[in-house]
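Accompanying notes for the structure given below.
We count ligands from 1, going down the list as the structure has it; atoms in each ligand are counted the same way.
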Amino acid sequence: MTDSTRRAATTRNYLMCRPDYFTVTYAINPWMNPYEPVDTDRAISQWERLRQVFASLGHTVRTIDPVEGLPDMVFAANGATVINGKVLGARFRYPERQPEGAAYLSWFGHAGYPVTREPATVNEGEGDIVFAGRAILAGYGFRSDKAAAAELTELFGVPVISLRLVDPRYYHLDTALTVLDADTAAYYPAAFDDAGRAALASYFTELIEAKDEDAEVLGLNAISDGRHVVLPQQATGLMVQLRAAGFEPIGVDMSELRKAGGGPKCCTLELR
Ligand code: ARG
């Protein structure tokens, strides 16, 4: 078996939110600068391209209607956590994004999901809660509360590995780590503490270490279907590493959405 045949894709279901009202009017992470102009039309075309890439890979994309006045709602990954059809709603740290929690939870109610749970602790959905197959990786330190772990185990019945994030530029776990398949992940070591690095090393059999310059273009904000990895096209070094490990990297330009600290994974919520 060669490297390029050992990686197998499975089709996925994603939820996305068109950035019709995207802009940067507040700053809740170090990437956001309300004084830097944002081109909403450009953000929309970058987002449309991402949606097309998913469709071309055979994935199903559903959409939630954007709400005027919620410019970060495009970052669907933060809207909830969905595992085995069960939905844990999001509870946002900052007031600017708090109304998004109810908007997403109501979408799941209308879509017929039988188990939709209101969260008791602050958790920013798949931004910090990453399902890795045998366990949930839960980032904390900037946004989600460490205490969200108990709620996650109780609802989903899966062990939780808590990971402290230590660099404010990598404020959500999905900006510093991407799960590529059940045994493989790519991550930025400097975004974690010693305990976190050790936990990741013992969980995954293969760990790809991203370089500074790839992390700094949010290269780890990527989505894998087991074979294809959709990531920011500026992360050229990481693309080489992924190819060497048998994956097929697909670059997309999310530069406009990066002005809010987001990339392709932030725009994508997996419906499991
Ligand atoms: N401006 C948004 C925030 O700071 C960006 C969210 C990015 N989402 C993500 N899953 N990392 O909340």
> Between R97 and ligand 1, which part of the residue brings a heavy atom under 4.0 Å of the ligand: side chain, backbone, both or neither?
Replying inline: side chain

> Under 3.5 Å, side chain of H228 to main-chain N/O of S224, donor-acceptor pair present?
Replying inline: no

> For atom CZ of R197, is the number of surrounding heavy atoms from other residues, nucleotides or ligands below 6.0 Å larger than 12?
Replying inline: yes

>> Within the 4.5 Å heavy-atom criterion, are L163 and F192 side-chain neighbours or not?
In response: yes

> Which ligand 1 atoms, with their elements, are less than 4.0 angstrom from a heavy-atom of M32?
Replying inline: 1 (N)

>> Students should be able to answer this: which protein heavy-atom is nearest to atom 2 (C) of ligand 1, and at what distance?
In response: D72 OD2, 3.3 Å

>> Pairs of nitrogen or oxygen atoms closer than 3.5 Å, one from H172 and one from ligand 1: do any exist?
In response: yes

> Does Y171 approach ligand 1 within less than 4.0 angstrom via side chain, backbone, both or neither, non-hydrogen atoms only?
Replying inline: side chain

> Can you find a heavy atom in the side chain of F108 that is under 4.5 Å from one in the side chain of L271?
Replying inline: yes

>> Checking contacts here: is it the side chain or the backbone of E126 that comes within 4.0 Å of ligand 1, counting heavy atoms only? Could be both or neither.
In response: neither

> With atoms numbered from 1 as shown, which atoms in ligand 1 lie under 4.0 angstrom from a non-hydrogen atom of G127?
Replying inline: 10 (N)

>> Any non-hydrogen side-chain atom of F204 less than 4.5 Å from a side-chain atom of D183?
In response: no

> Any chance the side chains of N84 and R272 put a donor and an acceptor closer than 3.5 Å?
Replying inline: no

> Would a line drawn from the ring center of F142 to the ring center of Y171 be shorter than 6.0 Å?
Replying inline: no

>> I need the atoms of ligand 1 closer than 4.0 Å to a non-hydrogen atom of A260, numbered in the order shown.
In response: 1 (N), 2 (C), 5 (C)

> Tell me: protein heavy atom nearest atom 10 (N) of ligand 1, and distance?
Replying inline: D174 OD2, 2.7 Å

> What residue and heavy atom of the protein are closest to atom 9 (C) of ligand 1, and at what distance?
Replying inline: C266 SG, 2.8 Å

> Going by the order shown, which atoms of ligand 1 are within less than 4.0 Å of some heavy atom of N78?
Replying inline: 6 (C), 7 (C), 8 (N), 9 (C), 10 (N)

> If you count the atoms of ligand 1 from 1 in the order shown, which ones are under 4.0 Å from a heavy atom of R143?
Replying inline: 3 (C), 4 (O), 12 (O)

> Distance only, no hydrogens: is a donor on one side chain within 3.5 Å (strictly under) of an acceptor on the other, for T81 and E126?
Replying inline: no

